[in-house]
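Both backbone and side-chain heavy atoms feed into the values below; hydrogens, waters and symmetry mates do not.
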Amino acid sequence: MKKIYLLAFTLAAFAFSTSAQVIIDDNMEYAEGPLHYAHWSNWSGVPGPEDIYITEEYARSGDFSGMIGGDGVQDAILKLGNRTSGQYTLGWYMYIPAGKGGYLNFQENEDPGEGAWGLNIYFNPNNEWQGMGFVFDDSNPAVQVSDAFDYPEDGWFNINFDIDLDTDSVVMTVNDVEVYAGPFYTGSNLGGVDFYSIDANSEVYIDDVLFAEGFVGVEDFATESFSVYPNPVKDLLTIQTKTAVDQVVIYDILGKIVMAVNPEVISPKIDMSTLSSGAYLVKVTIGNSSKTVKVLK
């Protein structure tokens with residue numbers, strides 16, 4: 001059964017420092033099935049069963065999320081561009097059902113196997129630590145470098161990494177609580193994140209991925225300060241805000257831009273009357289912050 005934990009018109013947005021530059025902003029709104037596209041690849045690099053799977057089972061925003069199940073085959077790579085210097089923020093939301101677990105590690109190269117990996121993170125390892133996670137280094141065998149941290153089962157939670165490649169260090173938070181600060185173990189090479197189906201008990205859902213250059217403060221806008229309605233829309237779509245909207249770009253389901261406007265007013269009304277019936281992605285930009293929401297017509 002599909003479960004959506006936020007109203008479709010409620011947007012999670014990010015408050016950016018003036019120097020932050022968004023590289024990836026992905027709410028996982030793709031067609032259901034294996035995803036091998038853009039910044040999503042897998043260990044072998046060939047589309048197939050290793051890919052992250054887009055599903056309607058759970059979603060934090062929109063209708064879909066990406067799933068890594070317990071088949072022992074999925075080995076998805078979130079490609080981050082082979083960065084070698086600078087500061088970055090990487091974050092996403094995760095959902096782990098009660099009793100399930102998960103695993104991820106950082107790769108030094110977008111093409112796994114071409115370089116070593118760095119930090120390793122386990123959720124409910126060996127099905128013995130429900131609702132608890134651990135951070136390990138890059139050695140073989142890996143050594144635990146954090147105390148156990150808590151995460152909510154059967155609920156979405158945010159995981160965030162402030163990465164400094166110039167010092168090869170990272171600060172990791174879960175729901176804004178620091179759980180690890182120390183070496184990143186990547187040799188100052190940021191290639192990607194490997195989401196691996198480590199055992200039969202693995203079941204992780206991923207949504208609302210953000211990767212930006214610079215350190216970014218995360219802030220959820222309240223419904224009354226950033227919302228769109230009605231949804232479905234007939235003619236006019238209202239974007240309710242407390243500050244002026246700089247740009248609105250509307251995409252069809254194939255990713256083609258069908259409308260782009262620069263309202264530069266508070267709570268603009270967007271005329272969608274000329275668009276055909278169907279599903280659209282509406283990207284709203286306010287200052288250096290932007291977010292995309294699915295709207296039906």
Side-chain angles (χ1 to χ4, degrees), residues 2-14 16 22-40 52-67 78 92-93 95 156 205-212 220-297:
K2 179 174 71 174
K3 302 178 180 69
I4 299 178
Y5 285 85
L6 291 186
L7 295 177
F9 54 80
T10 302
L11 303 183
F14 296 88
F16 296 91
V22 175
I23 301 168
I24 296 172
D25 184 5
D26 191 347
N27 62 0
M28 307 304 290
E29 294 297 297
Y30 303 93
E32 188 165 8
L35 177 64
H36 195 102
Y37 174 74
H39 44 265
W40 287 103
I52 194 169
Y53 191 91
I54 301 300
T55 176
E56 289 186 292
E57 182 68 18
Y58 298 96
R60 181 184 179 271
S61 65
D63 293 328
F64 298 96
S65 67
M67 186 271 291
L78 173 62
W92 58 82
Y93 283 83
Y95 184 102
W156 288 98
Y205 299 84
I206 299 160
D207 207 349
D208 296 323
V209 179
L210 173 76
F211 180 48
D220 284 342
F221 284 359
T223 303
E224 67 270 18
S225 66
F226 199 144
S227 60
V228 299
Y229 65 88
N231 191 5
V233 62
K234 182 179 180 181
D235 295 317
L236 292 179
L237 180 72
T238 297
I239 302 172
Q240 183 174 324
T241 65
K242 291 183 178 179
T243 56
V245 173
D246 295 298
Q247 185 181 57
V248 178
V249 180
I250 302 178
Y251 304 83
D252 64 18
I253 58 175
L254 299 178
K256 178 183 177 182
I257 296 176
V258 295
M259 184 182 297
V261 295
N262 300 92
E264 297 183 348
V265 298
I266 297 172
S267 298
K269 297 182 184 296
I270 309 301
D271 187 357
M272 297 180 62
S273 61
T274 60
L275 300 182
S276 303
S277 298
Y280 295 90
L281 296 178
V282 179
K283 183 177 182 180
V284 180
T285 299
I286 299 176
N288 291 322
S289 172
S290 65
K291 192 65 182 177
T292 304
V293 64
K294 185 176 181 179
V295 172
L296 300 178
K297 184 176 187 297

Under 3.5 Å donor-acceptor, E29 side chain and F64 backbone: yes
Partner set under ring-ring contact (aromatic ring centres under 6.0 Å, His included) for F211, not counting sequence neighbours: Y88
pair L237-V248: side-chain heavy atoms closer than 4.5 Å: no
K283 atom NZ: more than 12 heavy-atom contacts under 6.0 Å: no
Contact summary for A244 and E264, nearest pair of heavy atoms: CB-C, 3.9 Å
Straight-line distance of D63 CG to Y30 OH, nearest 0.5 Å: 14.5 Å
Close side-chain approach of M28 to I52, heavy-atom, < 4.5 Å: yes
Non-hydrogen side-chain atoms of Y95 and D207 separated by less than 4.5 Å: no
Nearest atoms (heavy-atom pairs only) where K269 meets T238: NZ-OG1, 3.1 Å
Inter-residue atom distance W156.CH2 - R60.CZ, 0.5 Å rounding: 8.5 Å
Verdict with reasoning, E32 to T55, per side-chain contact (heavy atoms from CB on, under 4.5 Å): CA-CA 5 Å; E32 188 165 8; T55 176; 4.2 Å; yes
Residue pair I54 / G66: nearest heavy atoms and the distance that separates them: CD1-CA, 4.1 Å
Exam field: side chain N231 to backbone L296, donor-acceptor pair closer than 3.5 Å: yes
Value rounded to 0.5 Å, distance of CG in L275 from CG in D235: 10.5 Å
Heavy-atom pair with the smallest gap, counting every atom of V284 and I239: CG2-CD1, 3.9 Å
Minimum-distance pair of heavy atoms, taken over all atoms of A59 and S65: CA-CB, 4.4 Å
CA sep, side-chain torsions, deciding dist, call: Y280, M272, side-chain contact (heavy atoms from CB on, under 4.5 Å): CA-CA 10 Å; Y280 295 90; M272 297 180 62; 4.3 Å; yes
Point-to-point distance, once rounded to the nearest 0.5 Å, from CG of D271 to CE of M259: 6.5 Å
Donor + acceptor pair across side chains of S61, D208 (<3.5 Å): yes
Derivation and outcome, side-chain contact (heavy atoms from CB on, under 4.5 Å), residues I250 and I270: CA-CA 10 Å; I250 302 178; I270 309 301; 4.1 Å; yes
Evaluation steps, side-chain contact (heavy atoms from CB on, under 4.5 Å), between L35 and Y53: CA-CA 6 Å; L35 177 64; Y53 191 91; over 6 Å; no
Donor-acceptor side-chain pairing of D26 and W40 below 3.5 angstrom: yes
Inter-residue atom distance I206.CD1 - M67.CE, 0.5 Å rounding: 10.5 Å
